[in-house]
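The figures that follow rest on heavy atoms only: side chains count, while hydrogens, waters and symmetry mates do not. So you know, we letter chains A, B, ... as the sequences are listed, proteins then strands, and number each from 1. All of these numbers come straight from a predicted model, not from anything done at the bench.
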Amino acid sequence: MATATIANSTQSTSPMIAMEHVEKWYGAYKALSDINLTVRTGEKIVLCGPSGSGKSTLIRCINHLEAYSKGRILVGGVQLGESAKTIDAVRREVGMVFQQFNLFPHLTILQNCTLSPMRTRGLSKIQAEATARRLLERVRILEQADKYPAQLSGGQQQRVAIARALCMEPKVMLFDEPTSALDPEMVKEVLDTMISLADDGMTMIVVTHEMGFARQVADRVIFMAEGSIVEEGPPAEFFTNPKHDRTKKFLGEILRGH
Amino acid sequence: MSGQELLFLLSGLKWTLALSAVGFVGGAIFGLLIALARTSPNKTIAKAAEYYIGIFQGTPLLMQLFVVYFGLPLIGLRLDAWIAVAIGFTLHASAYLGEIWRGAIQAVPRGQTEAANALALKYWPRTRDIILPQALRISLPATIGFLVQLIKGTSLAALVGFTELSLAGKFIANQTFRPLVVYGVVGILYFLICWPLSLYGARLERKFAAASR
Ligand SMILES: Nc1ncnc2c1ncn2[C@@H]1O[C@H](COP(=O)(O)OP(=O)(O)O)[C@@H](O)[C@H]1O
Ligand SMILES: [Mg+2]
């Protein structure tokens, strides 16, 4: 473990995430080409782009749910390699929230939150439950702790998924279209939870088309198309003065859609 | 049919149940290993399990019993009939249960494995705490269906000299010259064991179908 633990981010000057010339191939199909992205500690990135442009692939490479094909990815100074050791070290520090929540249906809300801290961090049940209750309280869902996921609404499930990831005390949170599968009336409660997380200084990469969220929270908005980063900038600039035609077209479509 | 003859049938039933239990427990233990091997990320292990399943599903149980009971002694390995039959049924059941559970493991949504991976859960905790509980649930109707087949399949043990229910029935039928009555009783005994299991399996299947809507 000693060689592959992630440096405490506050003392480290290196970026939290660095992707250098990253490529990802699915067989003969190039899903990511020459991705260069640096995320500082505490920075909030919103990633947008048309469907199939490689947004999910990009963030899934960061915690090695997808193996990248070329280039380098460093998370907290640890180079994500093929060895199980570095993959494990990175996954312990990187939380992820999925579009479809992916809660464990056979476990209660509390068990969903305590399982991994007990199995991977060696926490006792008492410690793990105390942390879980604190974080469930934080996403305002503590009263549901003993229910099963299917008994909760989509918005509640997604808030549990956020709490479950936070129970690992991650240094980075990845969100893959966290509100896309929700009924419209539940989008706000999830976004509010994410905003409060951002306010607390969490480093976040969020794939979303919620442009209000991007304006309010993002330090940088990144636009992807066909596996490449086309354009990036602070939200004020990105939304009011997009440079590339593809970005303009995309923003036009998004705004019409809303 | 006298009370004594009925008792003889019941002692045959006892062997039928014992054989089923041994086949099921042995088959479950090895079947779980086969299912895990078959879904292993290690290609060699997965391939080996695939061949194992192919061989034992692709040949008759009767032949497997013959090979273990009559074949092994030819190479100097003489087994007690009980051991031989237990091995035969375990091989057979582990291949079928292995294949049923392989399907169930693969039917657990990918998102479950991904969420577990994202939470840094490694192979064993991920398999034991996340995948298998869900797979087992998915497989329950098919597993019970196989158990019913296995109970009826134990009648093949008669061929290596086991006086289980069907062979006991044959003895009594020959003795009493009333095969219709005797085989009727034998049939009812099988039915009384298997029918509730089938009903239970069907009920679970309906319940899961309703739950997944
Ligand atoms: N497992 C996979 N196998 C093959 N192609 C894939 C796989 N996952 C994604 N792709 C392809 O890679 C491209 C990018 O996908 P994705 O990252 O999911 O896009 P986005 O999240 O931006 O909609 C798409 O064309 C998709 O079809
Ligand atoms: Mg996507």
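- Within 6.0 Å of CD1 in A:Ile126 there are 12 or fewer heavy atoms belonging to other residues, nucleotides or ligands.
- Rounded to the nearest 0.5 angstrom, A:Arg119 CZ and B:Ile130 CD1 are separated by 9.0 Å.
- A:Phe104 touches chain B through backbone and side chain together, each having a heavy atom under 4.5 Å away.
- Heavy-atom minimum distance, A:Leu103 versus B:Gln112: O-NE2, 2.8 Å.
- Under the ring-ring contact (aromatic ring centres under 6.0 Å, His included) criterion, B:Phe56 pairs with B:Tyr52, sequence neighbours left out.
- Open room surrounds NZ on B:Lys170; 12 or fewer heavy atoms of other groups in view lie less than 6.0 Å from it.
- When side chains are defined from C-beta on, B:Asp129 counts as touching A:Leu115, because their heavy atoms get closer than 4.5 Å.
- Proximity to chain B is limited to the side chain of A:Arg60, based on heavy atoms less than 4.5 angstrom apart.
- Shown here is B:Arg78, whose CZ atom has no more than 12 heavy atoms of other residues, nucleotides or ligands within 6.0 Å.
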List, one per line, each side-chain donor-acceptor pair under 3.5 Å for residues 24-42 of chain B, sequence neighbours excluded.
residue	atom	partner	partner atom	Å
B:Thr39	OG1	B:Ala35	O	2.9
B:Thr39	OG1	B:Leu36	O	3.2
B:Ser40	OG	B:Asn42	N	2.9
B:Asn42	OD1	B:Thr44	N	2.9
B:Asn42	OD1	B:Ile45	N	3.2

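- Here the CG atom belonging to B:Asn117 is positioned 10.0 Å from the CG atom belonging to A:Asp88, to the nearest 0.5 angstrom.
- In terms of heavy-atom pairs under 4.5 Å with chain B, the best-connected choice from A:Gly95, A:Pro105, A:Ala161 is A:Pro105.
- Considering NZ of B:Lys122 and OG of A:Ser116, their distance stands at 10.5 Å, rounded to 0.5 Å.
- Listed by chain and number, the residues in a ring-ring contact (aromatic ring centres under 6.0 Å, His included) with B:Tyr123 amount to none (sequence neighbours excluded).
- Interatomic distance, CZ of A:Arg91 versus CG of B:Leu121, reported as 10.0 Å (0.5 Å rounding).
- Of the atoms belonging to B:Arg110, it is side-chain heavy atoms, and not backbone ones, that fall under 4.5 Å from chain A.
- Residues of residues 133-141 of chain A lying under 4.5 angstrom from chain B, judged on non-hydrogen atoms, do not exist.
- With rounding to the nearest 0.5 Å, the separation of CD in B:Glu114 from CD in A:Glu66 is 7.0 Å.
- The two residues B:Ala118 and A:Phe98 come nearest to each other via the heavy atoms CB-CZ, 4.1 Å.
- When the shell of 6.0 Å around OH of B:Tyr200 is examined, it contains 12 or fewer heavy atoms from other residues, nucleotides or ligands.
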